[in-house]
2 protein chains.
Amino acid sequence: MSKNASVRRAPRMADVAAMAGVSGMTVSRVLRDPTCVTPETLQRIEQAIEATGYVANRVAGSLASRRTNIVGLIVPSLRNSLFVETIQGVSDVLGTSHPLMIADSGYSLAGEEAAIRAFLGQRVCAVVLHNTTHTDRSRVMLREAGIPCVETGNLTRQPIDMVASFSNRKAARAMTAYLIARGHRRIGFASLPTDDNDRAEERRAGYQAALSRARMPVDPALTIEVAAGLAGGAEALTYFLSLTPAVDAVFLSGDVLATGAVLEAKRRRIAIPKRLAIVGTDDSDLQERISPAVTTLRFPRYDIGRRAASMLLTRLDGRPVDPASVDLGFEIVERATA
Amino acid sequence: MSKNASVRRAPRMADVAAMAGVSGMTVSRVLRDPTCVTPETLQRIEQAIEATGYVANRVAGSLASRRTNIVGLIVPSLRNSLFVETIQGVSDVLGTSHPLMIADSGYSLAGEEAAIRAFLGQRVCAVVLHNTTHTDRSRVMLREAGIPCVETGNLTRQPIDMVASFSNRKAARAMTAYLIARGHRRIGFASLPTDDNDRAEERRAGYQAALSRARMPVDPALTIEVAAGLAGGAEALTYFLSLTPAVDAVFLSGDVLATGAVLEAKRRRIAIPKRLAIVGTDDSDLQERISPAVTTLRFPRYDIGRRAASMLLTRLDGRPVDPASVDLGFEIVERATA
DNA sequence: TGTCCGCGAGTTAGCGCTAACTTGACGAAA
DNA sequence: TTTCGTCAAGTTAGCGCTAACTCGCGGACA
C-alpha cells in the first residue's frame, strides 16, 4: 500500500479533472454552470466528483475570485425570539448558496464593532445589522469595505446603506393614540433599557409625541425602564399600580413585558381592562392565547428578514435596489386587554 | 491624482509591512503573537495597521494554513427558542475568535446533509449538530473531513464523534414515573412528530418504558403526535379529554405544548390537577409564571451549548476530550399542575 | 472557397496569505 | 578566540482555486 493511499487528503479539483480527463478549469466552470460543456463532458465530471467525494474548496475559490458568498448577520442577542424571527427570514431566502455567519453584539455598540471587524476579516459579501446606531468606526469600516448592508431594527433615516424595517416611533405613537382615543388619560410607559438601544428610545419618543399631540402632560414618573422577560413586565405593573393618582392604562414596549404584566395583574386580581388597560408589542401566539388576550402591536419580523435578504441578493447580483429604505409597517391587534 | 489613489483597494499585509519597514512575514507573526518581536517593531506595525485601516484577510490566511476557525452549527429550526438557547451557549464560549456559521435543516435529514456539504465547502474547522440521526452520506462526509463534531440534541450511544446532551429517554421515563408515583393510572402522551426526530422518538420510548416497568398497559390510543406551538398543546388536550375511559394525567413532550394545554384547560374550566394533571418539558419563565404553574422537565440547554463549544475548542487545541460523551442531566421541576 | 464567428476547452498567472527554512547578529560557554 | 545557541526577522514556495486570455474546430455566409 503506497503512502498516498494510506494518508488520504481531501480530493482537489485537479484530481477530479484528471479522473474525468479534462482540465481543472473545465471542472471549475461546470460547478458554476453545468450547461456550459457538452453533456458527455458533464457526465464524466459528475461521475468523477461522485467517485472522489469531492467537495469544492470555497476558501481557495474565494481567494481567487476575491469574493465570498458568506452573509454576516449581527443581532443584539440570540436568546431573544424576536430577533430569531428575522434571522429565519434571512436564512430562508439565502438558502444554501449563501452561508450565514451570525454574531451577537450583546446589546453593545462595541460588541457590534468587534463582530463587524471579524466579519470583514472573513470577507463577507454583505451584512445584516439589527441595530441602527453604530460606532463611527463601524460605519467607516462598512463604508470602506463597500459591501451591501441592510439594517432591520428600525426605519432609520440615516441608514449606512439600506434599511428594511418599520418605524418604532410611529408604531408607539399609534398605540398610545389608540389608548387616548379609548378614553385613557393617565398612561404609563415601560420600555427596555434605552442605552445603545435606538428602538426603545424611538418608542419612548413616539409615546411622548402622542401625548403631546393630544395636549396631555408628559409626566416623567410615568416612564420607566425594566429588564426584559416576564419578570420585567411584572415589575413594571407593580410600579404603575403604586402611583397616585392611579394610571388607567399601561403600554409595555418590548419583549414579553405585556404578558408578564397581564399575568401579574391576574395574580393580583386587577380587573383588565376595566381598572387598568394593558397593551404590548411583538405579537405572538402567547399574547393571543393568554386570557385575557393581549392587545398588541404586530411587527412583520419574518418578512423583514426575507426582504432584507432579497435586497442583498439583488445588489450582489449587480442590480440597483430602489427604494433603499423599505417600510414594512406595523399593525395594532385589538384584543381584550384595552 | 494617480489612478492608484482614486481606486483604493483594501490594504494588504504587504502595504502594512512596507509602511512599517518590515517584511510581510513579520506582520503575519505579530497578528498571531504580538510578543514575538521587539517592542519597537511591534509599535511600528501597530501604527501602520492603524494608519491603513488594515483588516487581515482570513480567506487568504485560511488557504495558506489549510484551516479556518469557522465553526458550523446546524439546528432543526431557528424559530424555536429551545435551540437558540444552545446556540447562545456555543456563541458565548467561541467569542469572536471563532466565527459561527449557522444553518437550519428544516427538520429534515436531507436538509442537514445539504448544510453539512455547504459547511465542508467553507472548510469549517468543527461542527455542532442538534440532530443525532443523520443520513449515511452525512456521517461519511463528516468522518472523511476529520473535523471535530459535537451532537447536542440527545445523549446518543453512537455519536459521530462527541456528544454533550441529556438522555431524552431517561427524562421522559422519569417524568412518567413521577406521574405514576403520584397515583395516576391512565396517562396520555403527546409529542411532536417523530419522523426524522430522534428526540421525540426517544421520549416516547421513555414514556412506554415507565409504563411497562410499572406493569401498566401501553394503550396506543393514549399516544399522539401534534404540531409545535400553543395550538398543538390545545389540540392534544382536546383529544385526551374526548377519551373514554378518561385519562387522569397528560404528559406533553416538547416545545410549549404543556402551556398550550394548560391555557386550553383553563378556558374549558377543567380543574388542574384535580381532574387532570398536566406536565411538560422545556421549562421556561412562562411555564413558571402561568397560573397554575406548570410542572416540567428542565434541560440545561445553555450549558449544553457552552460545553459543546469548549469540547470543540479543546480538540482544536490538539488536546484529547475525555469523556467524549457528556451527560448534562435533567431535572423535574415540581409545580402546581401535577 | 475563403472568412469569420461562436463555442467548447486549455493555459497562464496570480489571489494574499503562512509553513518551513534561512540568515545574521549577539552573547555565553569552552 | 572559537563555537554555538538563541532570537528577531527575512526568503521561498506554495495553498487550491478562478479571471482572462488563447486555441482549434465546425458551420454559416458571402
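Letters A, B, ... mirror the listed sequences (proteins, then strands); counts begin at 1.
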Does B:Ser23 place a side-chain N or O at less than 4.0 Å from the phosphate oxygens OP1/OP2 of D:dG10? yes
Is B:Ser62 close enough to C:dC17 that one of its side-chain N or O atoms is under 4.0 Å from OP1 or OP2 there? no
For [X] and [N], what is the distance between atoms [atom1] and [atom2] respectively, to the nearest whole Å?
X: A:Asp33; N: D:dT18; atom1: CG; atom2: C1'; answer: 15 Å
X: A:Met13; N: C:dG10; atom1: CE; atom2: C1'; answer: 15 Å
X: B:Asn69; N: C:dT18; atom1: CG; atom2: P; answer: 11 Å
X: B:Leu63; N: C:dG16; atom1: CG; atom2: P; answer: 12 Å

Ranking B:Ala60 and B:Cys36 by the position along DNA chain D of their nearest nucleotide, the one closer to 5' is B:Cys36
Distance from B:Arg117 atom CZ to B:Met141 atom CE, nearest 0.5 Å? 4.5 Å
Test salt bridge (Lys or Arg N to Asp or Glu O under 4.0 Å) applied to A:Asp303 and A:Arg306, step by step: CA-CA 5 Å; A:Asp303 289 334; A:Arg306 291 194 70 103; 5.5 Å; no
Contacts satisfying side-chain hydrogen bond (donor to acceptor under 3.5 Å, both in side chains) that involve residues 135-146 of chain B (not counting sequence neighbours) are A:Arg8-B:Glu144, A:Glu50-B:Arg137, B:Glu113-B:Thr135, B:Thr135-B:Ser138
Write out all pairs satisfying side-chain hydrogen bond (donor to acceptor under 3.5 Å, both in side chains) with one or both partners inside residues 92-103 of chain B, taking only residues at least two apart or from two chains. B:Gln88-B:Asp92, B:Asp92-B:Tyr302
Which part of the nucleic acid does B:Val22 contact within heavy-atom distance under 4.0 Å: base, sugar-phosphate only, or nothing? sugar-phosphate
[Y] side chain reached by [X] side chain, heavy atoms, under 4.5 Å:
X: B:Asp196; Y: B:Thr133; answer: no
X: A:Ile74; Y: A:Asn131; answer: no
X: A:Pro76; Y: A:Arg199; answer: yes
X: B:Ile102; Y: A:Ile87; answer: no
X: A:Arg67; Y: A:Leu316; answer: no
X: A:Gln122; Y: B:Thr68; answer: no
X: B:Val127; Y: B:Ile116; answer: no
X: A:Ile160; Y: A:Glu151; answer: yes

Would you mind reading off the bend of the helix from C:dT1-D:dA30 to C:dA30-D:dT1 from its two end axes, five pairs each, to 10 degrees? 40°
If you assign A:Thr35 and A:Gly24 each to the DNA chain C nucleotide with the nearest heavy atom, which residue ends up on the more 5' nucleotide? A:Thr35
Check every atom of C:dC15, D:dG10, D:dC15 against the side chain of B:Arg66 and return the nucleotide holding the closest atom. D:dC15
I want to verify a distance call: between C:dG16, C:dG10, D:dG10, whose nearest atom is closest to the B:Arg12 side chain? C:dG16
Among residues 38-57 of chain B, which ones have heavy-atom contacts with DNA chain C below 4.0 Å? B:Tyr54, B:Asn57
Using a cut-off of under 3.5 Å, enumerate the N/O to N/O pairs linking the protein to nucleotides 19-22 of chain D.
{"from": "D:dA19", "atom 1": "OP1", "to": "A:Arg67", "atom 2": "NH2", "distance (Å)": "3.1"}
{"from": "D:dA19", "atom 1": "OP2", "to": "A:Arg32", "atom 2": "NH1", "distance (Å)": "2.8"}

Is there a side chain to side chain donor-acceptor pair (under 3.5 Å) between B:Thr52 and B:Asp15? Walk through the geometry before answering. CA-CA 8 Å; B:Thr52 53; B:Asp15 303 327; over 6 Å; no
So which protein N/O to nucleotides 24-26 of chain C N/O distances come out below 3.5 Å?
none

Scan side-chain atoms only and decide if A:Thr35 and A:Asp33 contain a donor-acceptor pair under the 3.5 Å cut-off. yes
